[in-house]
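Only one structure is covered here, and it is reproduced in the block below.
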There are 2 protein chains.
Amino acid sequence: MSAVSCTPNVGRPRAFDMDAALEKALEVFWRKGYDGTSLSDLTEAMGINKPSLYAAFGNKEQLFLKAIELYESRPCSFFLPALEKPTAYQVAEHMLHGAAMNMADSNHPQGCVVVQGALSCSEAAASVKEALINRRVEGEQKLKVRFDQAKTDGDLPPDTDTGVLARYLLTVLQGMAIQANNGACSEQLRQVAQMTLQAFPRAG
Amino acid sequence: MSAVSCTPNVGRPRAFDMDAALEKALEVFWRKGYDGTSLSDLTEAMGINKPSLYAAFGNKEQLFLKAIELYESRPCSFFLPALEKPTAYQVAEHMLHGAAMNMADSNHPQGCVVVQGALSCSEAAASVKEALINRRVEGEQKLKVRFDQAKTDGDLPPDTDTGVLARYLLTVLQGMAIQANNGACSEQLRQVAQMTLQAFPRAG
DNA sequence: AGGGTTATTTACCGATAAGTACATATATCT
DNA sequence: AGATATATGTACTTATCGGTAAATAACCCT
């Protein structure tokens, strides 16, 4: 069964692949942002008409939120998998190098849709902006919790302020999203990642 | 004479203060982004009608670019003044602490309009997006040149890669803009600034 | 084959977008 | 005072915005 579709066995079958269409929608939102994306942009990229879009995904806002869910659950996502690494240093290493690789990947828009999808926006986009802020803050919180565990595990010095460390790392990651939008390539982002890691506290 | 107005001595005098109106426009663009800002948003905030706006500032795009010029030349701007500090470390210190103070200042929208004014945007905003990218890249280049000078001055180690150092610092600054949008306060940003400074190379 | 159900197509809705024509108001210059 | 020049307010234009009504098409089940 597909990740997003839930096909009934009655009625006319859907003529398009919902997952593929959602991928296309994600790419448009990623490149143009919520305010900068029109329904025409979406239907054109997804290869469907407006009523099909509304029937399948609700409306523009719900489509955006589903696209963000897809973004965070993709195989090439780097944030959540990095949390599983055995030490705090390796968590940071995987996040930073994953970000360097992913954010400048020319197979999709540059940067991170969670950062740039609705950063400054109209009042019509206020709720999706809030949703993205929540995602970013929750990511930071998850990283702090992981660093707390690392302190217990002994792979972070006991006097480490894990909240500041998590915020610092997220600041660099979010800054890398801007850098990718500036045109920085993976190698340039990797240098930033390396510099950040040099400052990273290690046990012992 | 005002920074932006150039009043002729014939004809009906302008009934509003161009500088004050431009400040208001800046604030709207800063909060809502280029795509998220409508002409009605602007005229309402500026307290003028559309024909006055067009006569005084050209069009939406030119108004935006003039607002960005104002932003970068304001007294509370922290980037260019920091370049004048005597050592590389003090340059970084002033930039980071200035950013921490300014970006979370509740007297204006959070973050940095050069970062968030048109990050992901419609095709209609492509040219202002390019203009903002150019500003960010030029800022990075200016910082690199300043660090090259610091190397000559002997307040950076001779093996310092000034390009990477400048990019790293800009990455943190741009990340701080996102953090400010996330709701981080000045003190939290200051902690990130302090952590960044700890990793900063110092001569001797 | 026919009924029930869902998807697609076309054409449309009211609202709002950016931008402007035009008449009027207010100044200076002679 | 009158001519000239610029600003303002009202009302408008064309295009596009997000979203939908209604007719038709394609499927499953009996």
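Quick caveat: nothing in here was measured; it's all calculated off a predicted structure. Basis for what follows: all heavy atoms, side chains included, without hydrogens, waters or symmetry-related copies. Just so we're on the same page: letters track the sequence lines, and every chain starts at 1.
- OP1 or OP2 of D:dG9 has at least one side-chain nitrogen or oxygen of B:Asn49 nearer than 4.0 Å.
- A salt bridge links A:Arg31 to A:Glu27: at least one charged side-chain nitrogen sits closer than 4.0 Å to a carboxylate oxygen.
- With hydrogens and angles left out, the side chain of A:Lys60 and the base of D:dG18 share no donor-acceptor pair within 3.5 Å.
- One interatomic measurement links the two molecules: CD of B:Glu123 to P of C:dA17, which rounds to 20 Å at whole-angstrom precision.
- Among the atoms of the strands shown, only primed sugar atoms or phosphate atoms (P, OP1, OP2) are found under 4.0 Å from some heavy atom of A:Thr37.
- Looking at heavy atoms from C-beta onward, B:Asp41 lies out of side-chain contact with B:Phe29 at the 4.5 angstrom threshold.
- Nucleic acid contact for B:Ala15: sugar-phosphate only, since backbone atoms but no base atoms lie under 4.0 Å from a heavy atom of the residue.
- Remark: B:Ser52 is not in phosphate contact with D:dA7, judged by side-chain N or O atoms under 4.0 Å from OP1 or OP2.
- The residue among A:Gly58 and A:Gly11 whose nearest nucleotide of DNA chain D is located toward the 5' end is A:Gly58.
- The nearest whole Å value for the distance from the NZ atom in B:Lys50 to the P atom in D:dT13 is 13 Å.
- To the nearest angstrom, P of C:dA18 lies 11 Å from CG of B:Leu63.
- Rounding to whole angstrom units, CD1 of residue B:Ile48 and P of D:dT8 are separated by 7 Å.
- Using a cut-off of 4.0 Å between Lys/Arg side-chain N and Asp/Glu carboxylate O, A:Glu138 and A:Arg135 are scored as not salt-bridged.
- Straight-line distance from the CG atom of B:Asn59 to the P atom of C:dT20: 8 Å, rounded to whole Å.
- Atom CZ in B:Arg12 sits about 5 Å away from atom C1' in C:dT26, given to the nearest Å.
- The distance from atom CE of B:Met46 to atom CD of B:Glu23, rounded to the nearest 0.5 Å, is 11.0 Å.
- Distances shown here put a side-chain N or O of B:Ser40 below 4.0 Å from the OP1 or OP2 atom of C:dA17.
- Under 4.0 Å is where a charged nitrogen must lie from a carboxylate oxygen, and between B:Lys66 and B:Glu69 no such pair does.
- Listed candidates were D:dA5, C:dT8, C:dT26. Nearest to the side chain of A:Phe16 is C:dT8.
- To the nearest angstrom, P of D:dA21 lies 12 Å from OH of A:Tyr54.
- For B:Pro13, the side-chain atoms get nearest to C:dA27 when compared with the rest of C:dA27, C:dT10, D:dT6.
- You won't find any donor-acceptor pair under 3.5 Å spanning the side chain of A:Arg14 and the base of C:dA7, going by distance alone.
- C:dT16 atom C1' lies 14 Å from atom CD of B:Glu44, rounded to whole Å.
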